[in-house]
Amino acid sequence: MVSFPAYRKYPNNKSYFKVLSAETFEEIQIIGRYYRIERFVAKILPDRYFISDMLDLASGHWVETDEESFENFRKNCETNFAKAEGSL
């Protein structure tokens, strides 16, 4: 049983995820000189599978992390990158 929020990241350290529920997550992603923050809400079954795989750390695509690392990544992005248009 996973408790929420749960924190995940990609092994390349360019995307961090804050999973708020089995159907919702926030992603902070670095893209070149920019960063973006998105909120994603699963509306169809494949989206729910994506979140389930993330929570289960399926296939080595995700790495478990913690709130402190997520917030440090956010602060680093805000300090060192420009916010992408359309980002939260």
* Structure fact -> Looking only at heavy atoms, the pair that brings Ile28 and Phe70 closest together is CD1-CZ, 3.5 Å

* May I ask whether Ile51 and Phe4 are part of the same hydrophobic cluster, defined by side-chain heavy atoms of I, L, V, M, F, W, Y residues being less than 4.5 angstrom apart, directly or through others? => yes

* Verify whether the ring centers belonging to Tyr34 and Phe81 lie closer than 6.0 Å. => no

* **Candidate pair Ile37 and Arg74, rule side-chain contact (heavy atoms from CB on, under 4.5 Å), full reasoning** => CA-CA 9 Å; Ile37 301 173; Arg74 179 192 304 265; 3.5 Å; yes

* Show the numbers, then the answer: is there a side-chain contact (heavy atoms from CB on, under 4.5 Å) between Arg39 and Leu20? => CA-CA 10 Å; Arg39 180 164 288 202; Leu20 302 167; 3.6 Å; yes

* To do: Identify the heavy atoms of Leu57 and Glu64 that sit nearest to each other, and give their distance.
  => CD2-N, 3.7 Å

* Does the pair Lys18/Glu26 count as a salt bridge with the N-to-O cut at 4.0 Å? -> no

* Compare every heavy atom of Pro11 with every heavy atom of Gly60, then report the nearest pair and how far apart it is. => O-CG, 3.8 Å

* **Main-chain N/O of Lys9 paired with Lys14 side-chain donor or acceptor, under 3.5 Å** => no

* To do: For residues 42-59, pull every pair meeting salt bridge (charged side-chain N to carboxylate O under 4.0 Å, His left out), keeping only residues two or more places apart or in separate chains.
  => Glu23-Arg48

* Asked: Can you tell me how far the CG atom of Asn76 sits from the CD1 atom of Ile30, to the nearest 0.5 Å?
  -> 6.0 Å

* Output all residues satisfying side chain to side chain contact (heavy atoms under 4.5 Å, CB included) with Asn72, sequence neighbours left out; order by chain, then residue number. => Glu68

* What distance do Ser15 atom OG and Ile31 atom CD1 have between them, rounded to the nearest 0.5 Å? -> 7.5 Å

* Determine the interplanar angle of the Phe17 and Phe25 rings, folded into 0 to 90°, and report it as parallel if under 30°, tilted if 30 to 60°, perpendicular if over 60°. => perpendicular

* Of the non-hydrogen atoms in Val2 and Ala6, which two are nearest, and what is the gap between them? -> CG1-CB, 3.9 Å

* Structure fact -> By salt bridge (charged side-chain N to carboxylate O under 4.0 Å, His left out), Glu67 pairs with (sequence neighbours left out) none

* **Results of side chain to side chain contact (heavy atoms under 4.5 Å, CB included) for Ala22 - residues two or more places apart only** => none

* **Derivation and outcome, salt bridge (charged side-chain N to carboxylate O under 4.0 Å, His left out), residues Glu78 and Lys75** => CA-CA 5 Å; Glu78 291 169 349; Lys75 288 175 188 169; over 6 Å; no

* To do: For Met54 and Val19, run side-chain contact (heavy atoms from CB on, under 4.5 Å): C-alpha distance rounded to whole Å, both residues' side-chain angles, the deciding distance at 0.1 Å, then the answer.
  => CA-CA 9 Å; Met54 187 188 314; Val19 185; 3.5 Å; yes

* Asked: Is the backbone of Arg8 close enough, under 3.5 Å, to the side chain of Thr65 for a donor and an acceptor to pair up by distance?
  -> no

* Between Tyr16 and Tyr10, ring centroids under 6.0 Å -> no

* Asked: Between Phe40 and Thr24, is a side-chain contact (heavy atoms from CB on, under 4.5 Å) present by the stated rule, with each step listed?
  -> CA-CA 6 Å; Phe40 184 83; Thr24 308; over 6 Å; no

* Under the salt bridge (charged side-chain N to carboxylate O under 4.0 Å, His left out) test, residues paired with Glu27 that sit two or more places apart -> none

* Structure fact -> Sorted by chain and number, sequence neighbours left out, ring pair (Phe, Tyr, Trp, His ring centres under 6.0 Å) with Tyr35 holds for none

* Is the OH atom of Tyr49 crowded by more than 12 outside heavy atoms at less than 6.0 Å? -> no

